[in-house]
Protein chains: 2
Amino acid sequence: MSVTETLSAIDPEAVAETQAAAPSEELLRLVVEAFQALADPTRARILYALVRRPMRVRDLAILAGVSESAVSHQLRFLRDRRLVRSERQGNAVIYTLDDHHVAALFREAEHHADHVRLGLPDHPYRIP
Amino acid sequence: MSVTETLSAIDPEAVAETQAAAPSEELLRLVVEAFQALADPTRARILYALVRRPMRVRDLAILAGVSESAVSHQLRFLRDRRLVRSERQGNAVIYTLDDHHVAALFREAEHHADHVRLGLPDHPYRIP
DNA sequence: GTATCATATGAGCAGTTGCTCAGATGGAGG
DNA sequence: CCTCCATCTGAGCAACTGCTCATATGATAC
C-alpha cells in the first residue's frame, strides 16, 4: 500500500463528493445570517411575539424584558435582514413578521429541543 | 380619555395575550441554543457535510476550511448540544448527525434566504 | 410655535466567541 | 517497548455582540 493511499485510507471520496454537494458561499452566508438572527434570547422573544400578532415597540420591549432602546436596536437588526417589517401608525410604529418561514423555523427548533430533552439523561452536557 | 387609556391606547391586550402564548424559559433556551449552533459558518459547513454522510475529523477540517484543532473544538460544541455523535473507528473518529431535524432547519433557512433574495433590490441592507 | 410621547440612533463598554498554538491522549504497527 | 497518526484539550487573544446612556428625530396635542 502506498503512502498516499495510507494517508487518506478511510474516505478518499468523502471530501470531493460532499464538496460538490455543498451550498454556495452566498447561500451559506444568508443561511448563517438567518440563524444568527434567531440565536439570541431577546430577538427570539421578539419574533415569538410577532408570530402571534403585529405589535408596537413598546409592547415588544415589555415582552422581551429589555429596554425600548435595546428592542429598537434589535428591530433594526431584524428589519435589515428582512425578518420583520415596520409601519407607522400615528405616533407608534407597528412591527410585523416579514417571513412566515420564521414560524416554521421555530417549530423545527422545538422538535430538536424535544430530541435533546428526551436524550438528556446520559449526556454530559449540562446547563451552563 | 384618561391618562392610563392614552398611555396604552393601541394594543392593551397584546402584551397579556402574547405573554400567555409565549414559550417557557426552558424551551426558549433550548431553541436559542439550537440556532446558536447553526449560526456560525464553520459549524454550518460541518453540519452541511454531515447531512450528506458521516465523516471523520480530518475531512471535515478540509471541507470547513479551518484547522483540525478548530474543527475539533466546534465538534465538541455540537456534540454537547446533541447535534452530532462520535464513534471511534480504529485510529480515526467518525462523526454522524444526531438529529435529522438539522436538515429540515437548513431547508427552512434556505427558503428564508430565497425570500431575502427575491425582495433584495429595494432593501437598504447590503453585504457587510 | 412649545411640550410630550414613541421610536431611532451613535458611542462606548463588558461579556462572549472562535481562532491559534502548544501540549496531552489514545489506538495501530513495528 | 517506541513511533506515528488522528484527535482532543486548555490557555490566551483579537474580533464581535448586546446592552446602557445620552441624544436626535418625528408625529400629535395644545
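Predicted model only: the values in this text are computed from it and were never measured. Residue numbers begin at 1 in each chain, while the letters A, B, ... track the order of the sequences. All values below come from the heavy atoms of this structure, side chains included, with hydrogens, waters and symmetry mates left out.
A straight line from CG of A:Asn91 to P of C:dA6 spans 7 Å, rounded to a whole angstrom. If you measure from atom CD of A:Glu68 to atom P of D:dT23, you get 18 Å, rounded to the nearest angstrom. The separation between B:Phe77 atom CZ and C:dT17 atom C1' is 9 Å, rounded to whole Å. In this structure, CZ of A:Arg56 is placed 14 Å from C1' of D:dT28, rounded to the nearest angstrom. In this entry the distance linking CG of A:Asp59 with P of C:dC5 reads 17 Å, nearest Å. Going from atom CG of A:Leu78 over to atom P of D:dG18 covers 10 Å, rounded to whole Å. Remark: C1' of C:dA6 and CD1 of A:Ile94 are 11 Å apart, rounded to the nearest angstrom. The CZ atom of A:Arg85 sits 18 Å away from the P atom of C:dT7 (whole-angstrom rounding).
When all heavy atoms of A:Arg43 and A:Gln36 are compared, the closest pair comes out as NH2-O, 3.0 Å. Summarising the geometry of A:Ala70 relative to A:Val66, their closest heavy-atom pair is CB-CG2, 3.9 Å, with the distance given to 0.1 Å. In terms of heavy atoms, B:Ala49 sits closest to B:Met55 at O-CE, 3.8 Å.
In terms of position on DNA chain D, the residue among A:Gln36 and A:Gly90 whose nearest nucleotide sits closer to the 5' end is A:Gln36. When each of A:Arg88 and A:Val66 is assigned the nucleotide of DNA chain D with its nearest heavy atom, A:Val66 is the one assigned upstream, toward the 5' end.
Using bins of under 30°, 30° to 60° and over 60° for the plane-to-plane angle, the ring pair A:Phe106/A:Tyr48 lands in the parallel bin.
For B:Ser67, a side-chain nitrogen or oxygen approaches OP1 or OP2 of C:dT20 to under 4.0 Å. The phosphate of D:dC19 (OP1 or OP2) has a side-chain N or O of A:Gln74 nearer than 4.0 angstrom. Distances shown here put a side-chain N or O of B:Tyr95 below 4.0 Å from the OP1 or OP2 atom of D:dC8. Close to D:dA27, at under 4.0 Å from its OP1 or OP2, lies no side-chain N or O of A:Gln89.
Remark: the backbone N or O of A:Asp98 is paired with a side-chain donor or acceptor of B:His115 at under 3.5 angstrom. Checking side-chain atoms of A:Arg88 against main-chain N and O of A:Asn91 turns up a donor-acceptor pair under 3.5 Å.
Between B:Gln19 and A:Leu63, the closest side-chain pair of non-hydrogen atoms falls below 4.5 Å. At a threshold of 4.5 Å between non-hydrogen side-chain atoms, the residues B:Leu47 and B:Val84 count as touching. Put simply, the side chain of B:Asp114 reaches to within 4.5 Å of the side chain of B:Arg117, judged on heavy atoms. Between B:Val116 and A:Glu33, every side-chain heavy-atom pair lies at or beyond the 4.5 Å cut-off.
Electrostatic pairing of B:Arg45 and A:Glu25 counts as a salt bridge here, judged by a charged N lying under 4.0 Å from a carboxylate O. Between B:Glu110 and B:Arg107 no salt bridge is recorded (no basic side-chain N to carboxylate O distance below 4.0 Å).
Scanning residues 38-49 of chain A for heavy-atom distances under 4.0 Å to DNA chain D yields A:Asp40, A:Thr42, A:Arg43.
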Dump every N/O contact between nucleotides 10-12 of chain C and the protein below 3.5 Å, one line per pair.
unit_1: C:dG10; atom_1: OP2; unit_2: A:Arg76; atom_2: NH1; d: 3.4
unit_1: C:dG10; atom_1: O6; unit_2: A:His73; atom_2: NE2; d: 2.9

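Each end of the helix from C:dG1-D:dC30 to C:dG30-D:dC1 gets its own axis, taken as the rotation carrying the C1' atoms of four end pairs onto the next four within a five-pair window, and the two axes meet at 20° to the nearest 10 degrees.
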